[in-house]
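The block underneath contains the structure these notes are about, expressed in structure tokens.
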Amino acid sequence: MKCLYEGEVLEVIPLAAGIVFSHCKGKDDKNMAVGYKMVNFETGVMTDIANNIYLLSKFGNNFPVAKSTAYEYVSANSIVLPSGRIFVCSKDATAKLIDGDGTVVWQGTLSYKGTAPSGMALSKDALWATYKKQNAILRYNLNTMREDLRIGGGESPFCKPSGIFIDGGYAYISCPADKKIIKIDLENYDMETYIRFKEPVYNYVKVKDYEFVLLKSGLYIV
């Protein structure tokens, strides 16, 4: 593995030709200063980017509306749907589906046993979410916004799952307490340990043939 950024990374956003990530520039007891960087695969260069470029990467073209409706937008989970709609879930579990013209077409809560998702991902017409405290992942029908499948909770293969990434027919669940990523076949729900680490792993993303992991010590390319 190669370390790309050593420090506190808050999230990693995959793009067609690279990644964007937010990071802590400094903090005190009440506030955190956040910075944004982009890694371009074509040039191999990491550059600082403006807040609006980060917002466009995270929320799509309707980022002004998504920003205004999301509570603490850096910590919010978001998915840009193929239709152009944006699904945003804030850290208080308040969720909204925003249409292409900025209209909020649905709002509610996306919580499980009173907690918000620690991560979200899209697979076909389903929304998957991890719930760290409950050691569970849930699948929601995007048409009804109702839970239709749950894996884990109680006796669970997951230990504090903090993130989910879906590539093709597979889901990759980051489990920091176990220091590993679990790979799930979404056709038959077979599971296997994908990668083990020597420190907590909080997130995994893949772009083309490049794999990235967010560890306690920083952001790495596998």
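Only this structure's heavy atoms are used, side chains among them; waters, hydrogens and symmetry mates stay out.
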Review point. Just checking, any donor-acceptor pair under 3.5 angstrom between side chains of Asn51 and Tyr73?
Key: yes

Check your understanding: Taking all non-hydrogen atoms of both residues, which atom of Ile173 and which atom of Pro161 are closest, and how far apart?
Key -> CG2-CB, 3.7 Å

Practice item. Determine, using the 4.5 Å side-chain heavy-atom cutoff (strictly less than), whether Tyr54 and Met32 are members of one ILVMFWY cluster. Key: yes

Review point. Does any non-hydrogen side-chain atom of Trp128 lie less than 4.5 Å from one of Leu149?
Key: yes

Exercise for review: Take atom OH of Tyr170 as the centre, draw a 6.0 Å sphere, and report whether it contains more than 12 heavy atoms from other residues, nucleotides or ligands.
Suggested key: no

**Study point:** Glu192, CD atom: more than 12 neighbouring heavy atoms under 6.0 Å
**Key:** yes

Check your understanding: Is it the case that one hydrophobic cluster holds both Val222 and Leu215, taking links as side-chain heavy atoms less than 4.5 Å apart, direct or via other members?
Key -> yes

Practice item. For the pair Ser78 (side chain) and Lys58 (backbone), establish whether a donor and an acceptor sit closer than 3.5 Å, ignoring hydrogens and angles. Key: yes

**Study point:** Thr43 side-chain N/O to Val45 backbone N/O, donor-acceptor pair under 3.5 Å
**Key:** yes

Exercise for review: Classify the side-chain pair Ser118/Thr130 by whether it contains a donor and acceptor separated by less than 3.5 Å.
Suggested key: yes

Check your understanding: Nearest 0.5 Å, what's the CE-CD1 distance between Met38 and Ile49?
Key -> 4.5 Å

Point to revise | Ile86 to Phe59 - nearest heavy-atom pair and separation | key: CD1-O, 2.9 Å

Review point. Going by heavy atoms in the side chains, are Leu10 and Val74 under 4.5 Å from each other?
Key: yes

Check your understanding: Within a reach of under 6.0 Å around CD of Glu6, are more than 12 heavy atoms found that belong to other residues, nucleotides or ligands?
Key -> no

Check your understanding: Hey, would you say the Tyr5 and Phe21 ring centroids sit under 6.0 Å apart?
Key -> yes

Practice item. Please round to the nearest 0.5 Å and tell me the distance separating atom CG of Leu138 and atom CG of Leu127. Key: 10.0 Å

Check your understanding: Is there side-chain contact between Tyr189 and Ile151, with at least one heavy-atom pair below 4.5 Å?
Key -> yes

Exercise for review: Taking Ser57 for its side chain and Ile53 for its backbone only, find out whether a donor-acceptor pair lies under 3.5 Å.
Suggested key: yes

Review point. Rounded to the nearest 0.5 Å, how far apart are CG of Leu110 and CE of Met120?
Key: 7.0 Å

Check your understanding: How many angstroms lie between atom CD1 of Ile79 and atom CD1 of Ile166, to the nearest 0.5 angstrom?
Key -> 8.0 Å

Review point. Near Asp92 CG, under 6.0 Å, is it more than 12 heavy atoms from other residues, nucleotides or ligands?
Key: yes

**Study point:** Closest non-hydrogen atom pair between Ser90 and Ala76, with its separation
**Key:** CA-CB, 4.1 Å

Check your understanding: With a 6.0 Å cut-off on ring centres, are Phe41 and Tyr210 close enough?
Key -> yes

**Study point:** Check: Gln134/Thr115 side-chain N/O donor and acceptor closer than 3.5 Å
**Key:** yes

Review point. Between Asp125 and Asn141, is there a donor-acceptor pair closer than 3.5 Å when you use the side chain of the first and the backbone of the second?
Key: no

Review point. Which pair of non-hydrogen atoms, one from Val34 and one from Ser22, has the smallest distance, and what is that distance?
Key: CG1-CB, 4.0 Å

Point to revise | Stepwise salt bridge (charged side-chain N to carboxylate O under 4.0 Å, His left out) check, Lys91 with Glu72 | key: CA-CA 8 Å; Lys91 69 176 187 178; Glu72 294 188 5; 2.8 Å; yes

**Study point:** From Lys2 atom NZ to Ile221 atom CD1, the distance as rounded to the nearest 0.5 Å
**Key:** 7.5 Å

Check your understanding: Can Tyr172 and Glu211 be counted as having a side-chain donor-acceptor contact under 3.5 angstrom?
Key -> no

Review point. Looking at CG of Leu214 and OH of Tyr204, how far apart are the two atoms once the value is rounded to the nearest 0.5 Å?
Key: 14.0 Å

